[in-house]
Structures are given as structure tokens and as C-alpha cells.
Amino acid sequence: MTDITITLYKGESVSLPTGTTVGEALSALLSNKQRKRTVAARIDDMLADFTTLLTEDSTLIPIQIGSEESLDILRHSTAHIMALAVREVFGTDIKIAIGPSIENGFYYDFLRDQPFSPEDFEKIEKKMEEIVRQALPFYRTEIQSSDAITRFEAEDEKYKVELIQDLETKSVSLYQVGEFTDLCRGPHVPNTSFIRAFKLLRVAGAYWRGDEKNDVLQRIYGTSFFDKKELKKHLNALEEAKKRDHRKLGKELELFTIQEDIGAGLILWQPKGAQLRRLVEDYWKDEHYRHDYDLLYTPHIARQDLWKTSGHLDFYSENMYSPMDIDGVAYQLKPMNCPFHIGVYTNKKRSYRELPLRWAELGTVYRYERAGALHGLLRVRGFTQDDAHIFCRPDQLEDEIFNILELNLHILKNFGFKEYDIYLSTRPEKYVGSDESWELATESLKLALEKKGLKFMIDPGEGVFYGPKIDIKIKDQLGRAWQCSTIQVDFNLPERFQLAYTGADNSDHQPIMIHRALMGSLERFIGVLIEHYAGVFPLWFAPVQARILNITDDQAEYCEKIFMQLRKSGLRIEKDLRNEKLNYKIREAQVNKIPYMLIVGDKEKENGTVTVRLRDGKNLPPMTIPDFIEKIEMEVSEGRGI
RNA sequence: GCCCACGUAGCUCAGUCGGUAGAGCGCAUCCUUGGUAAGGAUGAGGUCACCGGUUCAAUUCCGGUCGUGGGCUCCA
């Protein structure tokens, strides 16, 4: 038998016989302690288990506990253990589909008539613990695809058969743990004892391969970690997310409500929420004006013919509401603002000298969303986009994109979002516009991103049919990503509406149109803001900035006076002069997350001051009303960043 | 839209194996005037989501509709 050289990445080498397993090689190369923390290895670009045979000189990168990859492997392995447990508890009549690791956990899809209940979860978890205790190894085998098909057909595992058929490979790998053998690419942890901390979280319906024409499967979600502390931390984070849920906080803080008799997906902004929204809107408008945009207002309905011209009736009608008849002419609610902005553009003949035109509007649109997709403020049927359209010349495109990115990040940063996932989506299979224009636009988007020094990923073929786009997902306090900003180049509408400007050569040219939204929609953005801040809004856009609390009725008159004084200065101020104890009033203001409590007793009344309590419990020394106003105004202008 | 679960007072929830319902918070009134996270008493609030069916009787059982939640799908 010949020897091969196995090298540890950035480490030493050993000479071992051909056919040595990865596990054996790692034992030779790593200390006992380190090997115990290793779950698999990377050989070149391939992931391998401990049982993988080494037949040529190789370099091993150990995958150790703590890395992203190790968690992926662990969770994938846990999914297998769950499937094994499910079949041990409920029998092999339950058919298995797929069970991958996902962000923060894993799932496995099963075909079973009855739904899984919480008691079932307990049984499955108990069985899983038993399996884990036995430290069962994962065995990998490679077999001919045809043999695998025969095998799974015999077991009546139709989903597995379908998967293998679609793979169209000669051979497939199988993993066996205990009595359970599954089609799987691997790798897995060496044995089940690595699975130390897991929990099944919920069950939900899912279609086989995500297609609603297929069988509905039951998907059990769970999560898994290498130690109990990490699991606990994760479960706490889930609890925290629940506490921050904008639907819950929206109700508690009286920001918005959705009512059954008004309609699903339609938001009613309550006074506090309306105030919050107004602040976001005003800030947005100010910033746009400062960045040389002009503001538009356009209607909510338009003649159906307009939507024919724009093409929305062809490619967007399933999202549009049925037409209404006005004097025998069909009108439809707008799902987008673009045709209206185009209407402003075509109002007169345009010269190359006036480009770029930057027009912004908080435009309310209505889109049909499937009932099951609706979700609080994040997915609704009527919403207001922070929309803008830029009409420019090709030579202006890159600068315009760059400027949009600047404004975009400036606004997001000011609202406290400092991390993003950025995607550049390129030409899809079906598209309109010339290849040269796609080339130019895609390149401009890319250059602008690079010039701004932004990291981005390319989503090949994921652009809209009318042009390439940049999508920005913002990361919130808990690290969750939300799709908000989008910048899209459009070759379609300028063509459909025959947009033109007169060039320096005195002939007509077609402008490039850019659609963009920074917050996406006010509804979604505010929903994300609520969760990001857990309802504890910074002073500059807190719906209520301060509340006056008197200690006894004796100070009521003085409180009324300073209330009006503060209100007139533009502060968002409330008063609580009820016949309640101070403790009680403080608690309530605290629960309402109000930034400042102005406490007024006899001392303050005599001195013409207020004592300021912050929502973190700290106290400021008594100050006069003008001093307090000045303090607030300073803090607000700092927050607004203008 | 599809699968599963759910819908009881303004809110959070309990309850009725079929005989029209309860708590806490909130609200109102009264007592209390108390300096940094809930003072006390009394009281008013419910077509038990809506529409049908079964039944002597339905909030409870059955069917449908609407809505909500977790997913699938889609997206601002």
C-alpha cells in the first residue's frame, strides 16, 4: 500500500497509508482536545466527514465547533436525528421529504395525515435524547443511483425517488444512523453525541418543493447548538424578538390598528402612530429637498387605459384591484406611482439641459396581496411608498445612482440602521431593452456601489424584466434583515410612454428612468423601526417627548401653564394630572416609553422649574422651562442630523 | 390562495363534557393629596367574530364566511 501525505492547513504534514479516513488523519495531526472539537473537514472545496477515505495527497481544514459551518453540519445532523426519532415514534408510514439546515436551525418535512401536536413534540424530543445518548455514528455509503431508487421505491419513499431521479447523477450518497437511512450529500457530525442542545420549535405546512400543486407536508422546525448555553441564548433571543414584535408594541403603544370590519391589510394610524409617521415623513421630505429633489402629489386612481399603456395590466394585473366605473370609463387603483410621474414629465417638452429631474412622492398604492401573506405593518394591501423617479441622460446615470446611494445610506444611518446586505440583480432570461443599455445600467450600478465603497453580492438573473436593480436589506438590532431600499433602472416605461428630451443636437433622445424607494414603504419601515428600537424611540422621532407629572392637585395650575408653554414651543408634550400617586404615574410613563418625565411638586412650582426623569430611571437636576426646551431642541437637531 | 391552529369585556386570558359567562389590567365614581415603576372601595362594560345547520335548548357540536397566528408562495 502506498502512502499519501496529509497536510493540515497552515500546519504540519503526516504520511499515512492510502485509504486512511479523515478521522484517522485528524487524530494524527491534531491534539486530542482539538480533535474533539472538530466535526468534519474541508478538503479543497469539498466538505468531508470523519469516515471519508483519503486516497491522494490532501490538505485538510478542520471544521471546528464554533464556526458557521460546524453549526450547519450540526443542525443538518440534528434534522436526521429528528427524522429517525419521528419514525421510531410514529412508524415508517410517515414519509420523509427533505431536512436541511437553515438560518438559525433546521427543519424536516414529513407526510403524515394527522398534524403533529405539542405532545408529539415532547415524544419526539425524548426519543431524540435517547438517540443522542447512544452516540450512534453516521455511516456514509455511495451507491449507484439506480440501486438507490430501487431501495427507496421498496420503502415507498416517493420523495426520495423523485429527488434521485432529478439529480441525474450516476451515484448518490446515503447516510445511515441507527435504523434510518437517508439520501444526503452530507457531511455529518461523527456521531450523535455531538448533538447536545436542541429544541423543536414549531410545525407548519409546506408544499413538496414549494409548489402549491404538490402534496402538503408537515414541516417541523427546530434548532440545535453545541452547548446548552448557546441554545438558551438563542431561545432568549426568540423571546426578545417576540417582545419587540411591532404588532404587539403597536397595540400597547397605541400606534396603529387593523380592524376586521375595515379590511385586512389596511392600516389605521392612531394619534401616536400618526405622529411618528408625520415625523418620518417630514424628515424624509426635508432631506429630499436638501438633496435637490422636487416633491409631487398624484392621485390614487387612474383610467384603465393608462395601466394598459404602462403595461401593468399585462404583467401586474394579479396584484391590481378590479376596475370601477366612472361615467362609463374604467378606472383602477394605482399599484405604483410611476405612470403619474411620467404624466408630469410629458406635460411639456423637455430639454437635455433640465435633466436630471428628480421627483419624489410619498405615494400611496394599493396592491392585492394573498390573504396568507399579510403581516402587521410589514405586508399590507394599502401602503405608502417613499417613491422617487429620476429621469436622466445616459451620461448622468452613474452619478445619479451614486447620489441615491448616498442619500439612502444617510437616511438609514440616521434612523439607526448601520448594517446592510446589498444585492445587485442582473439581467433575467426575459427582458426588454437593448443589451447595450443593460450593460450600461448594470455597470453604472456596480461602479456606483464600488465608488461608495459598499460590499455587495450579485444576484445573477434576478433583475426585473425592465432593468437591473440594487436591493438593500437593512439589519436591525437583532441582526434580522429587512428588504426596504430598492433602486431600479427602467428601460420599459420610457419606451412605452415614448418619453423624450431634446438633445444638444436638436433631436429627440430617450431618457433613462430610475425608480427608487429608500424606506420601501412607510408602513414597513415604521414596523422595522418599532422592532429595531423595541418601541423606545430616539427623542427626535418619539411620538411623545415628555410628560408632565404633578405630585398633588396643588400643582395642577402650574402644570397647565408649563404644558401650554412647552406645546407652543413645538414640543410633543403630554400631561398626567390625575389624582394618582407619583409612583403610579411614573410607572405608566415608563411603560409608555416616554423619553422625559417632568416631575412637578411644590418645590418646582415655587422655583418655576421641573425635575427631569429619564426613561432609564436617571434624574436630572431641576431646570427651568426655557432650559428644558433648549436641551430638547439640541438633542433633536443632533438626532435629525440636519 | 393552500395546510395547521386560533377568534370569549378596550387589553391579556380563564371557563362552559350543550342549560346565554368570569379574573386581572384599563375605564367611571367615591375615599385618599401621596416625591421617582401599580393606595383603597364601589360600579359600568360581553348577540362568547359573523351566517346557517343539528337540538327542547348552541358561546360550546357540525358546515360556511370573515379575521388573526405559524408556514408555503410572493414582495415595498
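In what follows, every chain begins at residue 1, and chains take the letters A, B, ... in the order their sequences are listed. The structure presented is a predicted model; accordingly, all values stated were derived computationally and were not measured.
- Scored by the side-chain contact (heavy atoms from CB on, under 4.5 Å) test, A:E125 finds A:F198, A:K199, A:L200 as partners (sequence neighbours excluded).
- Nucleotide B:rG69 holds its P atom 11 Å from the CG atom of A:L377, rounded to whole Å.
- Scanning atom types as modelled, no donor and acceptor separated by under 3.5 angstrom connect the side chain of A:Y584 and the base of B:rG26.
- Every side-chain contact (heavy atoms from CB on, under 4.5 Å) that A:N104 has, sequence neighbours left out, goes to A:H234.
- Taking only distance into account, the side chain of A:Y207 meets the base of B:rC2 through a donor-acceptor pair shorter than 3.5 Å.
- The A:A204 side chain lies nearest to B:rG71 when the options are B:rA38, B:rG71, B:rA37.
- Note on ring orientation: taking the six-membered ring where Trp is involved, the planes of A:H291 and A:H410 are tilted (angle from 30° to 60°).
- The phosphate of B:rG70 (OP1 or OP2) has no side-chain N or O of A:Y107 nearer than 4.0 angstrom.
- Under the 90° criterion around 0 for the glycosidic angle, B:rG45 counts as syn.
- For A:Y366 and B:rA76, the OH to P distance is 18 Å, given to the nearest whole Å.
- Residues A:R615 and A:K473 both approach RNA chain B. Their nearest nucleotides, taken by heavy-atom distance, put A:R615 toward the 5′ side.
- At the heavy-atom level, A:Q590 lies under 4.0 Å from base atoms of the strands shown.
- Legend: residues meeting side chain to side chain donor-acceptor pair (under 3.5 Å) with A:K561, ordered by chain and number and at least two apart, are absent.
- Between A:R358 and A:E400 there is a salt bridge, with a side-chain nitrogen of the basic residue lying less than 4.0 Å from a carboxylate oxygen of the acidic one.
- Taking atom P in both B:rG46 and B:rG64, one finds a spacing of 31 Å when rounded to whole Å.
- We find that CG of A:L111 is positioned 15 Å from C1' of B:rC2, with the value rounded to whole Å.
- Here A:Q218 lies out of heavy-atom contact (under 4.0 Å) with every strand.
- Between the side chains of A:Y159 and A:D109, not a single donor N or O lies within less than 3.5 Å of an accepting N or O.
- Under the side-chain contact (heavy atoms from CB on, under 4.5 Å) criterion, A:D553 pairs with no residue at all, not counting sequence neighbours.
- Put simply, the side chain of A:Q488 and the base of B:rA76 share no donor and acceptor less than 3.5 Å apart.
- One can place CD1 of A:I411 at 16 Å from C1' of B:rA76, the figure rounded to the nearest angstrom.
- Helical stems of RNA chain B (runs of at least 3 Watson-Crick or G-U pairs, donor-acceptor distances under 3.5 Å) are listed by first residue: B:1-7 with B:66-72, B:10-13 with B:22-25, B:27-31 with B:39-43, B:49-53 with B:61-65.
- The aromatic ring of A:F383 stacks onto the base of B:rA76, its centre lying under 5.5 Å from the centre of the six-membered base ring with the two planes under 30° apart.
- Of the candidate nucleotides B:rA38, B:rC11, B:rC75, B:rC75 has the atom nearest to the side chain of A:R379.
- Rounded to the nearest Å, the gap between the P atom of B:rC48 and that of B:rC11 is 16 Å.
- Between the CG atom of A:L412 and the C1' atom of B:rA76 there is a distance of 13 Å, rounded to whole Å.
- Checking A:W482 against A:E531 by side-chain atom types alone, no donor-acceptor pair falls below 3.5 Å.
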Tabulate atom names and distances for all N/O pairs under 3.5 angstrom spanning the protein and nucleotides 66-68 of chain B.
| unit_1 | atom_1 | unit_2 | atom_2 | d |
| --- | --- | --- | --- | --- |
| B:rC66 | O2' | A:E260 | OE2 | 3.4 |
| B:rC66 | O2 | A:E260 | OE2 | 2.9 |
| B:rG67 | O4' | A:E260 | OE2 | 3.4 |

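- For A:R370 and B:rC2, a side-chain-to-base donor-acceptor distance below 3.5 Å is absent, hydrogens and geometry of angles not being considered.
- Here the C1' atom of nucleotide B:rA76 and the CZ atom of A:R367 are 6 Å apart, to the nearest Å.
- Taking the P atoms as reference points, B:rC66 lies 25 Å from B:rC75, given to the whole Å.
- Between A:R202 and A:A373, the residue anchored closer to the 5' end of RNA chain B is A:A373, taking for each the nucleotide with the nearest heavy atom.
- Looking at A:D215, its side chain never comes within 3.5 Å of a backbone N or O of A:L217 through a donor-acceptor pair.
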Show the numbers, then the answer: is there a side chain to side chain donor-acceptor pair (under 3.5 Å) between A:K585 and A:N550? CA-CA 9 Å; A:K585 295 185 188 183; A:N550 62 339; 2.5 Å; yes
Atom pairs, protein N/O to nucleotides 33-36 of chain B N/O, distance under 3.5 Å:
| unit_1 | atom_1 | unit_2 | atom_2 | d |
| --- | --- | --- | --- | --- |
| B:rU33 | O2 | A:D553 | N | 3.1 |
| B:rU33 | N3 | A:D553 | OD2 | 2.9 |
| B:rU33 | O4 | A:D553 | OD2 | 2.8 |
| B:rU33 | O4 | A:N579 | ND2 | 3.4 |
| B:rG34 | N7 | A:I551 | O | 2.6 |
| B:rG34 | O6 | A:N579 | OD1 | 3.3 |
| B:rG34 | N1 | A:N579 | OD1 | 2.9 |
| B:rG35 | O6 | A:D602 | N | 3.4 |
| B:rG35 | O6 | A:K603 | N | 3.3 |
| B:rG35 | O6 | A:E604 | OE1 | 3.3 |
| B:rG35 | N1 | A:E604 | OE1 | 2.9 |
| B:rG35 | N1 | A:E604 | OE2 | 3.1 |
| B:rG35 | N2 | A:E604 | OE2 | 2.8 |
| B:rU36 | O2 | A:R613 | NE | 2.6 |
| B:rU36 | N3 | A:N619 | OD1 | 3.3 |
| B:rU36 | N3 | A:N619 | ND2 | 3.2 |

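- Rounded to a whole Å, the CG atom of A:D616 is 13 Å from the P atom of B:rA37.
- Regarding A:L255, its CG atom lies at a distance of 16 Å from the P atom of B:rC11, rounded to whole Å.
- B:rG7 and B:rA49 are spaced 8 Å apart, taking the P atom of each and rounding to whole Å.
- With sequence neighbours excluded, the residues forming a side chain to side chain donor-acceptor pair (under 3.5 Å) with A:R277 are A:E281, A:T384, A:E523, listed by chain and number.
- Residues passing the side chain to side chain donor-acceptor pair (under 3.5 Å) test with A:E588 are A:R578, sequence neighbours excluded.
- Not counting sequence neighbours, the partners of A:A388 by the side-chain contact (heavy atoms from CB on, under 4.5 Å) test are A:Y293, A:A360, A:R516.
- Against RNA chain B, the stretch residues 520-529 of chain A makes heavy-atom approaches under 4.0 Å through A:G520, A:S521, A:R524.
- Residue A:H375 places at least one side-chain N or O under 4.0 Å from the OP1 or OP2 atom of B:rG70.
- At the heavy-atom level, A:Y368 lies under 4.0 Å from the strands shown only through sugar-phosphate atoms.
- Here the side chain of A:R524 pairs a donor or acceptor atom with the backbone of A:L378 at under 3.5 angstrom.
- A:K334 and A:T298 are linked by a side-chain donor-acceptor pair at a separation below 3.5 angstrom, with hydrogens and angles left out of the test.
- Among the atoms of the strands shown, base atoms are found under 4.0 Å from some heavy atom of A:V380.
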Would you be so kind as to tabulate the donor-acceptor pairs closer than 3.5 Å made by side chains of residues 459-470 of chain A, with sequence neighbours excluded?
| unit_1 | atom_1 | unit_2 | atom_2 | d |
| --- | --- | --- | --- | --- |
| A:Y466 | OH | A:Q488 | OE1 | 2.5 |
| A:K469 | NZ | A:D471 | OD2 | 3.1 |

